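Atoms within a ligand are numbered from 1 in the order they appear, just like the ligands themselves. Keep in mind that this is a model prediction, so the values were computed, not measured. We use all heavy atoms of the structure for the numbers below, so side chains are in, but hydrogens, waters and symmetry mates are not.
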Amino acid sequence: MKRILLVIFAIVCTSVVYAVDYTNVIVPRPVSCESGEGEFVLSAKTVVRAEALNLVRAGEIFAEDLERVLGRELTVKKSSSRTGAINLSVDSTLESEQYMLKVTKAGIWIVGGSERAVFFGLQSLLQIAAASTLENGGLTLAAVTISDKPHFEYRGAMFDVCRHIFTVDEVKRYIDILALHKINKFHWHLTEDQGWRIEIKHYPELSQVGAYRNETIIGRNRKSKVYDDTRYGGVFTQDEVREVVAYAAERYIDVIPEIEMPGHAVAALTTYPHLGCTGGPYEVWTRWGISKNIFCAGKESTFEFIENVLTEVLELFPYKYIHIGGDEAPRDMWKRCPHCQKRIKDEGLKDENELQSYFMERVEKWLNERGRSIIGWDEILKGGISKSATVMSWRGSKGGIAAAKLGNYVVMTPNTHCYIDYYQTSNPVENGEPLGNGRFPVTLRKTYSLDPYAGLNEQQQQYIKGVQVNLWTEYIATFDHIQHMLLPRVAALAETGWSYGNKDYDDFARRMHILRRLYDKKGFVYAPYFFNGIE
Ligand code: ACM
Ligand code: ZN
C-alpha cells in the first residue's frame, strides 16, 4: 500500500512539476519566463489581431503553423488589440530583436521592438502551444510572461546547394526550420567546382555548362574511381531566387549569397576557360576536394566577369552582406602564370598570399562603393585584410580570434562545433548514420558547447557578431538527409546565438524532448540519436 501511495505521489509530483515547468519549454531559452495566474484557452475561434498591416503576414504564417497543432484554421485581422485575442504590436522603445509575450486569462499580447521581434514572439508562442494539451479543440495555455532578446545579432545557417541541388520548396523548408529557431541569417552557397547554381542573365552559358557535371563520384573515398555515370545539375533562375529571398523576408531572415572566389571556381572556368590561368580546358568537377584551378588574378577579364555577376547578385539580394568565399585557393597556378606574376610585380605585392588579398580587397572595394560589405572565410586573413571585412572562422576558432584581435567583425563557425555535415555520434557505423564527412563527430552536445568568446578579452569580444552552422552537401543528396543533419543540431547553435550566458545543456536537452513534438507536428525529419540517448 505504502508503495502504491509512493508511486501515486511520484506521478502527481511529476505532473505538477511538468505543469509548472511548462512555462519553460522554449528553444532557444528566453531571458526570463515567469508563470502567472490562470490560463487562456486558445481555440480556432481565437482571432489574431495585428496592429499594423505589415504584421498581418506574420500573423498568417503563425496561423498556418498553429493549424497543424490545433487542426483548425485561425482568423488574422488588422485591428487594434482586444481581450480574448492574440494581439501583435510594435513598440519601438524596445530593442530591435526584443519582445514581450504575455499570456493572461484575458488574452495574449506580443509586443516587439520591430516586426521581426514580434515574429520571434510568435515562434515562442507556437512552441508553448505545441507543448500544451489539446482538449475539446482548444489549447489551454497557462498564464506566463516572457521577456526576451538575443545575445548575438548574427545567428546563421549555411546551405550548400552546389554539391547537390535542392528544389525551391526544399530551400523554403530549410528556411522554415531556421525561422522556428529564431535564426535570422540564411547563407546560401551558390557557386562551386561541382556546379554553378544561380542564373546570371549576362552569362547564360553558366546555366547550360557550369550548372552541370557529367557524373558524380560514389562514396567517400576521394581516390575512388567509381562514378555514377549520371549527368547532374541545375540552376536557380532569378525568379526562383527572388521567390526564396521574399519567402525568407516574410520570416525576417536575411539571405547572404555566397559567390566563391578565387577558388572553388571550376564550374565558372569550365564555362569560360579564359578566366583561368592556363585557359583550360576545364571540366565541372565530378568529385570532391580542393581544385588547383582557380580564377586568374592577373587578367582584367576575371574582374570584369566577377563585377558583372555581382551586379546581378546585388539586384537579387537586398541584404547588406555578400559572401565572397576566399577559402581553399591553392597558389600553384598563380605561381606559374605570367599574368598573375605580372600583377604581383605591377602592384608591388610580396607574393601570392598578397595577390589573394589584392583580389579580395579589389572586389570588396567594388562592393563597398555600392553600399555592400563582404564576408569571407578565414583564409582571407593571410596576406592581410581590410578593416571592413567580416571573417567567418571555420578552421576552428583561431582565425576568428585573430580577426577580432585585429578589430575585424567575426562570425564563429568552427568546424569543431558547427560543421553539421560531420557525423553526429562517436560511432557512426554502429549507430546507422548515413554516409557523412568522417573527420570527427560533431555531437549535439559538442555543438551546444561552443563558446564564441573563448580566448578573447571583453574589448575583443565586441567583434564577435555571432555564430553559424554550415551544411556542406558532398554526401547529402536528399532533403530528408539534409533535415537529419540540421535537426536537432541547429537548435543547439540557436541557443548559443540567442541565449549565450544563459545556457545549460541538461535543461536544453529536456526542452528538446518537448520541441520534438512540434518537429513531428510540422513534419520535420530529425536525427534520432540524441532523442534515443546516443551521442
Ligand atoms: C570551407 O569549409 N571550405 C569553408
Ligand atoms: Zn593567372
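Residues Tyr505 and Leu444 meet the side-chain proximity criterion, which asks for heavy atoms closer than 4.5 Å. Annotation: side chain of Phe295 is in contact with side chain of Phe305 (closest heavy-atom distance under 4.5 Å).
Residues Glu328 and Trp377 have side chains that never bring a donor and an acceptor to within less than 3.5 angstrom of each other.
For Phe186, the ring-ring contact (aromatic ring centres under 6.0 Å, His included) partners at least two apart in sequence or on another chain are Tyr174, Trp188. In this structure Tyr232 satisfies the ring-ring contact (aromatic ring centres under 6.0 Å, His included) test together with His164, sequence neighbours excluded.
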For side chain to side chain contact (heavy atoms under 4.5 Å, CB included), just list the numbers for Trp472 and Ile420, CA-CA rounded to whole Å, side-chain angles, deciding distance to a tenth of an Å, and then say yes or no.
-> CA-CA 8 Å; Trp472 303 103; Ile420 55 171; over 6 Å; no
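Because its NZ or CZ atom is both nearer than 6.0 Å to the ring centre of Tyr247 and within 45° of the ring axis, Arg251 counts as a cation-pi partner of that residue.
Taking CH2 of Trp288 as the reference point, atom CD1 of Ile217 lies at 8.0 Å (rounded to 0.5 Å).
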So what's ligand 1 close to, N/O to N/O, under 3.5 Å?
residue  : atom  : partner : partner atom : Å
ligand 1 : 2 (O) : Tyr419  : OH           : 2.6
ligand 1 : 3 (N) : Asp327  : OD2          : 2.6
ligand 1 : 3 (N) : Glu328  : OE1          : 3.2

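Formation of a donor-acceptor pair under 3.5 Å by the Arg489 side chain with backbone atoms of Thr443 is not found in this model.
Neighbouring protein atoms of the Zn ion (ligand 2) (N, O or S, distance under 2.8 Å, waters ignored): Cys277 SG, Cys296 SG, Cys337 SG, Cys340 SG.
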